Number of protein chains: 2
Amino acid sequence: MSDFAPTEARLDVTRGKYPAFPRAPAILVRLIKHLYKEIHDEANAAMRPHGLNHPEYNILMMLYGAPDNTLSPSELAGAAGEKSANVTRLTTQLCEKGYIARAGSEDDRRKVALSLTAEGVALIERFLPDIVTLLQRQTRNLSAGEQAQLEGLLKKMLVGFGE
Amino acid sequence: MSDFAPTEARLDVTRGKYPAFPRAPAILVRLIKHLYKEIHDEANAAMRPHGLNHPEYNILMMLYGAPDNTLSPSELAGAAGEKSANVTRLTTQLCEKGYIARAGSEDDRRKVALSLTAEGVALIERFLPDIVTLLQRQTRNLSAGEQAQLEGLLKKMLVGFGE
DNA sequence: TATTGATATTTCATAAATGAATATTATATT
DNA sequence: AATATAATATTCATTTATGAAATATCAATA
């Protein structure tokens with residue numbers, strides 16, 4: 001599932017009817033959407049054998065990337081790109097599975113500290129080989145230089161949001 | 001919401017613990033995810049005044065881009081990047097709202113033809129100005145050349161999926 | 001022509017995500 | 001200090017999305 005030609009053809013039809021429709025931005029947005037869906041689906045499939053889905057994987061990885069394996073729900077929401085209500089649900093699930101732990105924060109009693117448990121870390125290190133394989137497959141068509149270039153352009157685009 | 005520095009910091013922590021984690025691919029995937037979430041949220045917000053959400057918008061636009069404003073559910077699923085079960089639900093909703101119509105196909109009676117109604121076309125042309133504005137804002141940090149470059153790299157990456 | 005296998009779509013039960021409202025604590029202002 | 005404002009998390013009702021199974025049709029072939 002990676003033929004983008006039909007998408008371009010549809011865009012041409014659209015522009016025939018509505019010439020103001022901006023070709024390049026529309027294509028970019030559609031490409032990002034398609035890539036994300038693929039990433040999401042493949043990550044879901046890769047994580048299923050481990051009893052997780054893509055968003056849960058992400059939550060765990062954000063905590064794994066925190067210096068002390070701990071983040072607050074709002075930090076986690078920003079890091080994982082999830083809405084806070086969803087973070088509550090996801091972390092509750094992960095707590096029930098024993099991979100993370102909840103604790104109140106002392107300095108700011110509004111905050112909650114979400115930390116990986118030893119089991120959580122063990123799980124992560126068990127599935128990471130699969131993820132490494134997946135990431136490398138998903139980017140195998142791009143050279144190192146192209147990856148760097150793409151990274152720069154995506155970052156630049158991202159800055160334009162929410163301002 | 002567009003500061004990507006914390007993401008990179010987290011990736012460094014991750015790589016400190018698990019050096020095999022590939023930096024560039026991981027960053028790319030996270031960037032795409034963040035961009036998609038922003039695109040999704042902003043499109044949802046932009047479409048709300050028109051009584052639609054982002055996936056419904058997409059369905060309509062895929063039909064608008066079809067030569068005769070008609071596609072089958074499976075074509076629509078591929079075009080919009082939605083699962084077929086979801087396409088059934090979305091198109092049922094849009095039918096109920098009067099924007100698209102369902103008809104059986106004569107040559108292949110398994111197929112269903114989904115077509116924009118006149119109302120559907122009118123709706124699209126009512127909201128398109130908002131979308132044009134949105135698309136231009138979302139890509140305003142990229143020059144035309146950069147947009148073309150980004151398009152090329154994303155397409156190249158997309159080819160790597162599902163093979 | 002039966003039979004087998006593939007394709008197209010929908011149904012259904014379940015899971016996942018959202019927006020709005022709420023409760024609680026912190027911070028700023030007067 | 002009292003009050004208003006902002007930030008943090010959660011709850012809840014609703015919407016949206018998923019995977020697996022079911023239904024119907026077509027296409028090939030034995």
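Convention: sequence-line order gives letters A, B, ...; per-chain numbering from 1. Computed from a prediction, not measured in an experiment: that's the story for all the values here.
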_Validation row, ring centre A/Tyr18 to ring centre B/Tyr64 under 6.0 Å_ =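 Judged by ring-centre distance (under 6.0 Å), A/Tyr18 and B/Tyr64 do not meet the cut-off.
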
Round to the nearest Å and state the distance from [X] atom [atom1] to [N] atom [atom2].
{"X": "B/Arg109", "N": "D/dT25", "atom1": "CZ", "atom2": "P", "value": "5 Å"}
{"X": "B/Asp108", "N": "C/dT7", "atom1": "CG", "atom2": "P", "value": "12 Å"}
{"X": "B/Asp107", "N": "C/dT7", "atom1": "CG", "atom2": "P", "value": "17 Å"}
{"X": "B/Lys33", "N": "C/dA17", "atom1": "NZ", "atom2": "P", "value": "12 Å"}
{"X": "A/Leu52", "N": "C/dA16", "atom1": "CG", "atom2": "P", "value": "11 Å"}
{"X": "B/Lys111", "N": "C/dT10", "atom1": "NZ", "atom2": "P", "value": "13 Å"}

*Test B/Gln138 against every option in A/Ile32, A/Leu158, A/Val29 by the side chain to side chain contact (heavy atoms under 4.5 Å, CB included) rule and name the one that passes.*
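Among the candidates, only A/Val29 passes.
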
_Residue that, paired with A/Leu153, satisfies side chain to side chain contact (heavy atoms under 4.5 Å, CB included) out of B/Leu153, B/Leu154, B/Leu31_ =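 By the side chain to side chain contact (heavy atoms under 4.5 Å, CB included) criterion, A/Leu153 pairs with just one of B/Leu153, B/Leu154, B/Leu31: B/Leu153.
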
Answer yes when [X] and [Y] have at least one side-chain N-carboxylate O distance shorter than 4.0 Å, and no when they do not.
{"X": "A/Lys156", "Y": "A/Glu151", "value": "no"}
{"X": "A/Glu119", "Y": "A/Lys97", "value": "no"}
{"X": "B/Glu42", "Y": "B/Arg137", "value": "yes"}

*Ignoring hydrogens and angles, state whether a donor on the side chain of B/Arg102 or B/Thr92 is under 3.5 Å from an acceptor on the partner side chain.*
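Checked: B/Arg102/B/Thr92 side chains pair up, N/O donor to acceptor below 3.5 Å.
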
_Looking only at side-chain N and O atoms, does A/His54 offer a donor or acceptor that is under 3.5 Å from a partner on A/Asp41?_
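The answer is no; no qualifying pair exists.
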
*Would you give a per-nucleotide map of nucleotides 2-7 of chain D, 5' to 3', where B means the base has a protein non-hydrogen atom under 4.0 Å away, S means only the sugar-phosphate does, and - means neither?*
-----B

*Sugar-phosphate means primed atoms, P, OP1 and OP2; the rest is base. With that split, encode nucleotides 11-22 of chain D 5' to 3' as B, S or - using protein heavy atoms under 4.0 Å.*
B----SBBBS--

*asked:* One pair to check against salt bridge (Lys or Arg N to Asp or Glu O under 4.0 Å): A/Lys17 and B/Glu125. What are the steps and the verdict?
replied: CA-CA 10 Å; A/Lys17 296 175 182 173; B/Glu125 291 175 356; over 6 Å; no

*From CA spacing to verdict: salt bridge (Lys or Arg N to Asp or Glu O under 4.0 Å), A/Lys155, B/Glu8*: CA-CA 11 Å; A/Lys155 280 180 183 167; B/Glu8 305 213 46; 2.6 Å; yes

*May I ask whether B/Val121 and A/Leu11 are part of the same hydrophobic cluster, defined by side-chain heavy atoms of I, L, V, M, F, W, Y residues being less than 4.5 angstrom apart, directly or through others?*
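Linked, B/Val121 and A/Leu11 end up in one cluster.
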
*Got a sec? Which of residues 66-73 of chain B come in under 4.0 Å of DNA chain C, heavy atoms?*
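The answer is B/Ser72, B/Pro73.
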
